[in-house]
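Here is the structure we will look at, set down as structure tokens.
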Amino acid sequence: MASEFQNSVYSLLRKIPSGRVTTYKSIAEKLGKKSYRAVGMACAKNPYAPYVPCHRVVKSDGSLGGYSGGLSKKIALLRAEGVELMDTKIKYFERVVFRF
DNA sequence: GCTTTGACTCTCG
DNA sequence: TCGAGAGCCAAAG
């Protein structure tokens, strides 16, 4: 069972529609915290994968950040959902970013 | 129970 | 434009 904090993060992640992405910053602020890093940690643990689309969370500058089990996997998943990428950076980031 | 670490972000040189 | 440093919260050691 995950902690309340993690559960809150997962709830928000599930709201992200396919083909869209969000940032650790947005999630943290939505929770009323500044815990950007803690959000990433919650995703890294993510016991509900792939029920929780943690691969749709990226850094505030549009780069993918990281991914447990290989960044390539994250790239493939995002591309499959229609997100255009330039290596580890999101192309047209402003266009695909999802705002709560 | 304190210290270290991490899928982060912002500011400064 | 790019790299380094500081700040931030939560989980793991």
Side-chain angles (χ1 to χ4, degrees):
Chain A
M1 187 57 187
S3 65
E4 288 298 320
F5 175 77
Q6 294 177 340
N7 193 34
S8 299
V9 174
Y10 301 144
S11 296
L12 290 176
L13 292 184
R14 288 193 297 97
K15 294 181 180 183
I16 306 173
S18 180
R20 291 300 197 86
V21 298
T22 190
T23 65
Y24 299 100
K25 179 174 178 293
S26 297
I27 295 172
E29 293 191 345
K30 190 65 179 180
L31 295 177
K33 316 246 177 204
K34 306 294 187 294
S35 53
Y36 313 119
R37 311 193 65 167
V39 173
M41 187 181 291
C43 292
K45 307 181 96 178
N46 186 20
Y48 303 106
Y51 177 64
V52 175
C54 50
H55 60 276
R56 291 179 189 157
V57 186
V58 300
K59 301 208 299 184
S60 63
D61 65 347
S63 61
L64 299 185
Y67 190 72
S68 299
L71 194 57
S72 302
K73 192 80 174 186
K74 188 169 183 175
I75 295 174
L77 285 167
L78 289 173
R79 279 181 175 164
E81 294 180 353
V83 179
E84 297 183 73
L85 305 174
M86 294 192 314
D87 196 19
T88 59
K89 293 282 197 293
I90 294 181
K91 199 175 181 182
Y92 310 123
F93 176 57
E94 294 297 323
R95 203 167 73 179
V96 298
V97 67
F98 176 72
R99 296 179 177 75
F100 292 101

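A note on names: the letters A, B, ... follow the listed sequences, proteins ahead of strands, and every chain is numbered from 1.
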_A:S3 vs C:dA11: side-chain N/O to OP1/OP2 distance below 4.0 Å_ = yes
*A:V21 side chain near A:I16 side chain, heavy-atom distance below 4.5 Å*: no
*Record whether the side chain of A:S35 comes under 3.5 Å of the base of C:dA10 through a donor-acceptor pair of N or O atoms.*
no
*Rounded to the Å, how far apart are A:D61 CG and C:dG3 P?*
13 Å
*For A:L71 and B:dG6, give me the distance from atom CG to atom C1', rounded to whole Å.*
15 Å
*What integer distance in Å separates A:E4:CD from C:dA11:P?*
11 Å
*Kindly compute the distance separating NZ (A:K74) from OG (A:S68), expressed to the nearest 0.5 Å.*
9.0 Å
*Give the nucleotide from the list C:dC8, B:dA7, B:dT9 with an atom nearest to the side chain of A:C43.*
B:dA7
*Starting at atom CE of A:M41, determine the distance to atom C1' of B:dT4, rounded to an integer number of angstrom.*
10 Å
*Can you check the A:N46 CG to C:dA11 C1' distance for me, whole Å?*
15 Å
*By nearest nucleotide on DNA chain C, pick out whichever of A:R37 and A:K45 is the more 5' one.*
A:R37
_pair A:V9-A:V57: side-chain heavy atoms closer than 4.5 Å_ = no
*asked:* If I take atom OH in residue A:Y24 and atom P in nucleotide C:dA10, what distance separates them, rounded to the nearest angstrom?
replied: 17 Å
*Separation of A:Y36 atom OH from B:dT9 atom P, in whole Å?*
8 Å
*Whole-Å distance between B:dG6 C1' and A:L64 CG?*
17 Å
_Does B:dC10 have OP1 or OP2 under 4.0 Å away from a side-chain N or O of A:S60?_
yes
*Heavy atoms, side chains only, cut-off 4.5 Å: are A:L31 and A:F5 in contact?*
yes
